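Notes follow the structure.
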2 protein chains.
Amino acid sequence: MVTLHDVAKFSGTSVGTVSRVLNGSPHVSEVARLRVLRAIDELNFTPNRAAQSLRTSRTTLAGLIVPDITNSFFGALARALARELWAHDYGLILADTAESLEKQTEALDALGKRGVDGLFLVPTTSTRDIANPLNIPLVTLDRTLADLPGVTSDNRQGTSLAVSYLHGWGHRRIATIVGPTTCSTAAERLEGYATTTRALGIYSRSLIREGPFSYAFGKQAMEELLDEPTRPTAVIASNDSQAIGALHACAGRGLRVPQDISICGFDGSELASHLSPSLTSVKQPISTMATHGARLMLELIETGTAGSGAVLLTDLTIGESCSVPPSH
Amino acid sequence: MVTLHDVAKFSGTSVGTVSRVLNGSPHVSEVARLRVLRAIDELNFTPNRAAQSLRTSRTTLAGLIVPDITNSFFGALARALARELWAHDYGLILADTAESLEKQTEALDALGKRGVDGLFLVPTTSTRDIANPLNIPLVTLDRTLADLPGVTSDNRQGTSLAVSYLHGWGHRRIATIVGPTTCSTAAERLEGYATTTRALGIYSRSLIREGPFSYAFGKQAMEELLDEPTRPTAVIASNDSQAIGALHACAGRGLRVPQDISICGFDGSELASHLSPSLTSVKQPISTMATHGARLMLELIETGTAGSGAVLLTDLTIGESCSVPPSH
DNA sequence: GCCGCATTTGGAATCGTTTCCACGGGCCGT
DNA sequence: ACGGCCCGTGGAAACGATTCCAAATGCGGC
């Protein structure tokens with residue numbers, strides 16, 4: 001392994017000077033800088049991270065804890081985040097909790113002990129009993145947690161958008177299938193739904209179903225809704241899995257989408273656009289989320305001061321699954 | 001930060017002894033071991049990874065390079081691998097190449113420079129022009145690459161299984177939509193298809209379409225196949241995205257699946273089982289792949305000797321998308 | 001009772017970087 | 001012309017672990 005010392009010897013300078021060049025210190029003459037750079041190139045020198053870490057107590061490593069990396073939404077988030085961090089010479093260590101709070105705690109602890117410089121967390125639930133292991137910069141993504149800095153979508157605005165869109169088609173009985181409200185995103189989506197339907201005078205408690213973010217629950221909830229005395233003409237789900245479940249529940253009852261009932265998803269996954277009918281869905285700005293998150297984190301690491309986080313506006317991806325309500 | 005020194009002082013021993021306890025050296029008296037353990041516990045000591053790395057030149061960090069982490073297949077692989085490695089106290093750094101060979105090379109280089117102890121690679125193409133950066137243990141997953149040790153599914157057996165299954169239903173014109181054959185998995189799947197159809201005497205060159213592992217190509221290829229003078233009665237795709245594309249191409253032509261045509265996927269993603277009709281698909285043993293891969297890697301790191309890799313048998317997940325061919 | 005061997009222990013060197021301190025030399029102002 | 005400054009540089013200490021070497025201890029055999 002070629003070290004700073006070798007570079008110093010080769011370039012006829014000292015380790016101090018080489019290090020200064022490496023770190024872009026201004027206190028180095030142009031001629032020395034060039035000789036050092038040449039030597040670095042010649043010897044194909046790469047600084048030893050372990051030694052740097054030991055000296056500076058920074059690892060240029062961040063951790064990402066997600067509840068389910070097989071979900072393409074989190075996959076896309078991880079990809080964007082990793083790319084952003086690479087660009088700043090940070091590595092990203094992945095941990096998947098499978099929606100288990102216990103595993104989340106373990107991951108937090110393990111990553112903390114490993115000495116990552118910062119931790120991105122998509123919390124399983126929004127209850128604030130997590131221990132910030134070693135006072136490491138912590139940034140939440142997608143789902144918020146207490147007063148931690150984080151980047152999230154404007155979930156209220158998202159469902160509001162969906163409600164307005166459906167209302168615009170003429171729907172009046174708009175139901176919602178919502179995720180577990182222990183999770184901030186689900187709670188906010190429900191809130192946006194409630195606020196907007198109330199404002200439009202079409203709110204009804206009986207049109208709300210709360211449960212897991214899963215295909216199975218989407219299906220079950222949809223079946224319940226279809227059993228209501230006056231069935232809804234449109235449904236807004238809290239993610240695309242639920243929406244697909246709902247879609248299939250309708251298919252199972254012989255209902256056509258969107259002729260008989262309209263369905264709107266949440267996430268805007270690529271998958272959803274490949275269904276038939278393709279899903280109309282509230283689309284979250286995943287890569288912006290990653291970019292902002294990374295920026296926030298780097299700021300937090302470098303300066304120690306918390307930027308305030310961000311709430312990103314969502315968009316509606318128009319598919320074929322929403323249309324006018326059936327005439328009655 | 002509490003160090004070895006502090007522990008030594010607290011326990012009335014020396015750094016040497018503490019280190020020996022930490023590393024399970026046998027040359028430590030029972031009484032000393034207990035005092036040290038007690039001190040470690042009391043002071044809540046955690047060894048500093050950077051210092052360990054510097055001294056031992058091992059980072060207990062591995063890298064994973066995948067072509068597309070938003071694909072739930074690779075998501076599942078990453079999750080299983082991460083879990084397995086955590087259990088052995090290794091962290092996993094994620095890199096996503098978005099199927100770009102250039103990004104793959106960059107990632108290989110960056111992870112090498114970062115000093116990971118080993119590298120898991122799902123290569124974008126199987127052409128062997130990648131440079132193993134610093135002679136780091138390299139294990140391929142899913143897709144093979146030259147003579148590198150790796151773990152893969154038995155893709156020939158997989159398609160063979162699918163062909164036999166469809167043949168058993170009575171199908172004789174069985175087509176295949178295959179991934180890019182620069183990729184080993186696609187090449188092998190094609191091979192298994194060709195071998196088995198030939199053995200059954202139903203091979204026909206005109207029933208093969210090769211292209212990207214994408215929804216779009218699946219759809220396009222299916223449309224081409226449907227335009228053939230004598231259309232196939234069954235199709236085997238090379239992954240689930242292609243299969244869904246094929247499904248939609250059929251739907252677009254008013255063909256019912258499986259009454260008019262049978263479709264079989266490859267991967268066995270959860271998504272596929274949620275379609276209607278649910279997809280019959282060749283299922284790969286993802287977590288076994290991760291377990292074997294991790295085992296291989298750890299062996300390679302500890303002993304330097306390459307285990308031979310493994311080829312894992314696949315299974316068929318029966319869905320609703322395959323049935324008897326239409327009577328003619 | 002003493003010598004020697006085996007077992008445990010303490011302490012120092014080492015890994016490769018960053019950073020601080022001290023020194024030498026050129027330049028400016030008086 | 002001389003004193004003070006500032007800039008560039010070399011060298012050494014420090015980060016916190018592992019590991020080697022030598023010393024100390026205890027034990028059995030003669």
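Note that this is a predicted model, so its numbers are computed, not measured.
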Original post:
When all nucleic acid strands are considered with a 4.0 Å heavy-atom cut-off, which category describes Ser19(B): base, sugar-phosphate, or nothing?
Top reply: base
Original post:
Just how far, in rounded Å, is C1' of dT8(C) from CZ of Arg35(B)?
Top reply: 14 Å
Subject >> Between Asn23(B) and Ser25(B), a side-chain donor and acceptor under 3.5 Å >> reply: no
**OP:** Take the protein atom CG of Leu22(B) and the nucleotide atom C1' of dG16(D), then report the distance between them rounded to whole Å.
**Re:** 12 Å
Original post:
How many Å lie between CZ on Arg114(B) and C1' on dG16(C), as a whole number?
Top reply: 17 Å
Subject >> Whole-Å distance separating the CG atom of Leu34(A) from the P atom of dT9(D) >> reply: 11 Å
Original post:
Hey, does Thr13(B) reach any base, or is it just sugar-phosphate, or nothing, if we go heavy atoms under 4.0 Å?
Top reply: sugar-phosphate
**OP:** Measure from NE2 on His27(A) to P on dC6(D) and round the result to the nearest Å.
**Re:** 12 Å
Subject >> Check: Thr303(B) side chain, Glu299(B) main-chain N or O, donor-acceptor pair, under 3.5 Å >> reply: yes
**OP:** May I have the distance from Arg20(B) (atom CZ) to dC21(D) (atom P), rounded to whole angstrom?
**Re:** 13 Å
Subject >> Under-4.0 Å side-chain N/O to phosphate OP1/OP2 contact, Asn48(B) with dC15(D) >> reply: no
Original post:
Nearest nucleotide by nearest heavy atom, which residue falls closer to the 5' end of DNA chain D, Leu54(A) or Val31(A)?
Top reply: Val31(A)
Original post:
When you check the phosphate oxygens OP1 and OP2 of dG11(D), does a side-chain N or O of Ser14(A) lie under 4.0 Å from one of them?
Top reply: no
Original post:
Taking CG from Leu4(B) and P from dT14(C), how many angstroms apart are they, rounded to a whole number?
Top reply: 19 Å
**OP:** May I ask you to check whether Thr314(A) and Gln284(A) show a side-chain donor-acceptor distance below 3.5 Å?
**Re:** no
Subject >> dG16(C) phosphate, OP1 or OP2, under 4.0 Å from Gln52(A) side-chain N/O >> reply: no
Original post:
Can you find an N or O donor on one side and an acceptor on the other, under 3.5 Å apart, linking the side chain of Arg55(A) with the base of dG16(D)?
Top reply: no
Original post:
Which atoms form the tightest heavy-atom contact between Gln104(B) and Thr97(B), and what is the distance?
Top reply: CA-CG2, 3.5 Å
Subject >> dT17(C) phosphate, OP1 or OP2, under 4.0 Å from Ser53(A) side-chain N/O >> reply: no
**OP:** Report the nucleotide, chosen from dG16(D), dT17(C), dT9(C), that has the shortest atom-to-atom distance to any side-chain atom of Thr3(B).
**Re:** dG16(D)
**OP:** Would you kindly give the CG-to-C1' distance between Asn23(A) and dC20(C), to the nearest whole Å?
**Re:** 14 Å
Original post:
Any N or O donor-acceptor pair linking the side chain of Arg49(A) to the base of dG16(C) at under 3.5 Å?
Top reply: no
Subject >> Gap between atom CG of Asn155(A) and atom OG1 of Thr152(A) - 0.5 Å precision >> reply: 5.0 Å
Original post:
Base, sugar-phosphate alone, or nothing: which one does Ala32(A) contact when heavy atoms must sit under 4.0 Å apart?
Top reply: sugar-phosphate
